[in-house]
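Take a look at the structure below.
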Amino acid sequence: MQTIKFCKFAPSINRQIMYRTHNNGQLRAANINERVTLSGWVQRVRDKGFMIWIDLRDRYGITQLIFDEARTSKEVMETASHLSREFVIQVEGTVIERESKNPNLPTGDVEILVDRLTILNRSETPPFTIEDETDGGEDLRMKYRYLDIRRAPVRENLILRHKVSMVVRNYLSQKGFIEVETPYLIKSTPEGARDFVVPSRMNAGQFYALPQSPQTFKQLLMVGGMDKYFQIVRCFRDEDLRADRQPEFTQIDCEMAFVEQEDILNTFEGLTKHLLKEINGVEIESFPRITYDDAMRLYGNDKPDIRFGMQFGELNAVAQHKDFNVFNQAELVVGIAVPGGNAFTRKEIDGLVDWIKRPQVGATGMVYVRCNEDGSYKSSVDKFYTEEDLAKWAEVTGAQAGDLICVLSGNANKVRPQLSALRMHLAEKLGLRKKNEFAPLWVIDFPLLEWDEDTQRYYAMHHPFTSPKPGQLELLDTDPAAVKANAYDLVLNGNEIGGGSIRIHDKGTQSKMFDFLGFTKEEAQNQFGFLMDAFQYGAPPHGGIAFGLDRLVSILGGQETIRDFIAFPKNNSGRDVMIDAPASIDEAQLKELYLKVTVAPVVTEEIPPRH
Ligand code: ASP
């Protein structure tokens, strides 16, 4: 019970009130004739003068209120006539049977005949309609995100996220994992993405960095004997925001001691299966596994979407050594069979060619073969190939009558991602990427290192703490690109939802790795001395994995963008347009932090509200 001490709009002040006896998603036909008190927001007003209907909304749903000249007092009728969208009100009344029932609303059998009405707070006209289908554009909704959150689709996404977190916490806790918090103010290290840094007032001229992940801390927890750790934790990466990335995002971060790759895969396959069952009611027997090399060979991608086929068929043996020079000169000739693709019109095929020629994909052209229903073939290179030749292409790519074979050629490292992009594009076009279908897959045996053309050096493919596969350390000196790691990704519907590795746990190997990656002894000691020191005091063998929670929830929720599952996300320029951050700070603050700003701050655009 609460007393309203002061409420400008309340007709009865200082009355002992209970804000509500029920929520707005609760009342059913069984409640007819009960007296109830409800509170919430006015979603819609239908005012016929002698009768007013209001949709009253809260987190739980919508209940219809009715004010009827014949049955409602003049005073209440008068107050009701002044209500408008997003006013916060409290009503008392009787549950009655609705004349025209609404089968789409759980409360649609009843309405409340109101006899007391209190305006708890007024509202300006909101800048967009707060309903499932809104007229508000993305920018406007982000600026008024607190209003957007009142909308059921956004609210349901946040509730789903909560459920996923709870399922994860309960599952891992039951399996003996302990959630441990690790610091947010840490030290900047050069490996990986760019760090966000925080100046230290107490330590002049020095900076903390925000963690890109708790990687080294979770390893230190293993040295500390915690054995099984997890944390649902915020991570920060100052990257240029490619589509659907956020500068701060959340990981389900995990680490285990005394484990091999197999233990980790089994444990986290268990967690993912449990999630799919609890959240989506989907049961999956066991997750297939594919090596990195095979994933690249068969899908041109280390996170293949296996909800559909269209595996790559390498055509060098059957398509080269004819008179077609484009193929003869190519390192790789590779194709996919598009199911039913022979139905594409010439215009559609030209559209595909234009699509892959865009700079984002960068292919130079495409050869295609129509596989006709009568078993004959017709290709864009009929001049060079007989039907017999083309039949071999069909065999390699698995094409059936009625399919279309799309073939790209060139440098293997370029052509694989290009054909992968085309494969995904076609799957989208053909409706093969079904949102309510879930196809998880482990990608294993990643290379330890990745060559970077720009800087002409190797980088750790996962991170520098990843261990080479047993017995492969020596290869580092002779054939670094061939070294494989016990590193793995969990892929779901073409998205990497988790990744991890078995770690190095001795100082010698870790030091050799830093050395190989181009760190001087001093740099390695300066940046990671704490970890190598720890490895001298009995570090157990250990390994782990981290899941991207935002992405995981969005896939489980059958949607594309992670932004929709974050309460207060940033836009593509890394801005929070609601609180208008980042922002300049005043001179005194700068001085206190020993900072000097050398550029004029960027002026941000004001988004005009629409009424
Ligand atoms: N810390 C790693 C990452 O953020 C995951 C891991 O190796 O556990 O990608």
Side-chain angles (χ1 to χ4, degrees), residues 168 172 177 179-184 186-196 209-223 226-239 242 245-257 259-269 271-272 292 302-303 442-450 459-469 484-492 495-505 510 513 517 527-528 531 539-552 562:
V168 168
L172 290 177
F177 285 77
E179 183 161 22
V180 184
E181 289 170 80
T182 52
Y184 279 168
I186 65 165
K187 184 168 161 175
S188 186
T189 57
E191 205 60 29
R194 212 174 286 117
D195 285 328
F196 279 102
L210 301 179
Q212 297 186 21
S213 83
Q215 184 60 38
T216 50
F217 288 97
K218 66 175 172 174
Q219 293 191 242
L220 293 172
L221 286 170
M222 294 305 106
V223 181
M226 283 310 292
D227 202 67
K228 288 176 176 176
Y229 143 95
F230 86 101
Q231 183 182 190
I232 297 189
V233 62
R234 197 66 56 81
C235 301
F236 307 86
R237 295 183 191 173
D238 187 6
E239 294 172 300
R242 278 181 277 144
R245 290 273 180 112
Q246 287 281 309
E248 48 179 310
F249 60 95
T250 305
Q251 284 190 344
I252 307 164
D253 191 43
C254 311
E255 197 76 3
M256 301 168 82
V259 286
E260 292 179 334
Q261 170 169 301
E262 196 58 35
D263 302 304
I264 306 245
L265 299 192
N266 288 334
T267 304
F268 293 98
E269 185 164 319
L271 169 66
T272 314
Y292 170 86
D302 62 3
K303 41 179 193 302
W442 287 105
V443 181
I444 57 172
D445 297 349
F446 272 82
L448 182 71
L449 304 161
E450 175 172 44
Y459 285 88
M461 193 148 188
H462 188 50
H463 51 52
F465 316 107
T466 294
S467 165
K469 274 194 182 282
K484 291 282 195 287
N486 275 331
Y488 31 81
D489 277 354
L490 183 56
V491 173
L492 183 57
N495 294 279
E496 178 202 328
I497 56 158
S501 61
I502 298 297
R503 327 295 185 190
I504 296 167
H505 67 280
Q510 189 63 70
M513 184 58 69
L517 294 172
Q527 280 154 25
F528 297 110
L531 185 69
H542 61 284
I545 190 166
F547 291 81
L549 178 69
D550 313 280
R551 168 77 51 215
L552 176 64
I562 64 172

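The figures that follow rest on heavy atoms only: side chains count, while hydrogens, waters and symmetry mates do not. Counting starts at 1 for both ligands and their atoms, in listed order. The shown structure was predicted, so the numbers you read here are calculated from the model rather than taken from an experiment.
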Give the atom numbers and elements of ligand 1 that come within less than 4.0 Å of a heavy atom of [X].
X: Lys218; value: 6 (C), 8 (O)
X: Gly499; value: 5 (C), 6 (C), 8 (O)
X: Gly500; value: 6 (C), 7 (O)
X: His462; value: 5 (C), 6 (C), 7 (O), 9 (O)
X: Ile545; value: 8 (O)

Should one rank Arg503, Gln251, Glu496 by closest heavy-atom distance to atom 3 (C) of ligand 1, which comes out on top?
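That would be Gln251.
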Is a salt bridge present between Arg234 and Glu248, judged by a nitrogen-to-oxygen distance below 4.0 Å?
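Counted as a salt bridge, because a side-chain N and a carboxylate O are separated by less than 4.0 Å.
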Between [X] and ligand 1, which part of the residue brings a heavy atom under 4.0 Å of the ligand: side chain, backbone, both or neither?
X: Gln219; answer: neither
X: Ser213; answer: side chain
X: Thr466; answer: neither

Looking only at distance, does Arg237 have an N or O less than 3.5 Å from an N or O of ligand 1?
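Yes, Arg237 has an N/O under 3.5 Å of an N/O on ligand 1.
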Testing the basics here: between Ala460 and Leu517, what is the closest heavy-atom pair and its distance to 0.1 Å?
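That would be N-CD2, 3.7 Å.
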Shortest non-hydrogen contact between Gln231 and Glu179, atoms and distance
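Scanning both residues, the minimum pair turns out to be CA-OE2, 3.6 Å.
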Could you verify whether a donor N or O on one side chain and an acceptor N or O on the other, from Tyr229 and Asp253, lie under 3.5 Å apart?
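Short answer, yes.
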Can you confirm whether more than 12 heavy atoms, excluding those of Glu239, are under 6.0 Å from its CD atom?
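More than 12 heavy atoms, drawn from other residues, nucleotides or ligands, come within 6.0 Å of this atom.
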Would you call the rings of His505 and His542 parallel, tilted or perpendicular if under 30° counts as parallel and over 60° as perpendicular?
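Taking His542 first and then His505, their aromatic rings stand perpendicular (interplane angle over 60°).
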Is the ring pair Phe465/Phe528 parallel, tilted or perpendicular, if the boundaries are 30 and 60 degrees?
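Perpendicular.
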Tell me the protein heavy atom at minimum distance from atom 2 (C) of ligand 1, and give that distance in Å.
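The protein heavy atom lying closest is Gln215 OE1, 3.5 Å.
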Test item, Gln212 contacting ligand 1 (heavy atom, 4.0 angstrom):
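It does not, in that no heavy atom of Gln212 comes within the 4.0 Å cut-off of ligand 1.
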With rounding to the nearest 0.5 Å, note down the distance linking CD1 in Ile497 to OG1 in Thr272.
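Spacing of CD1 (Ile497) from OG1 (Thr272) equals 5.0 Å.
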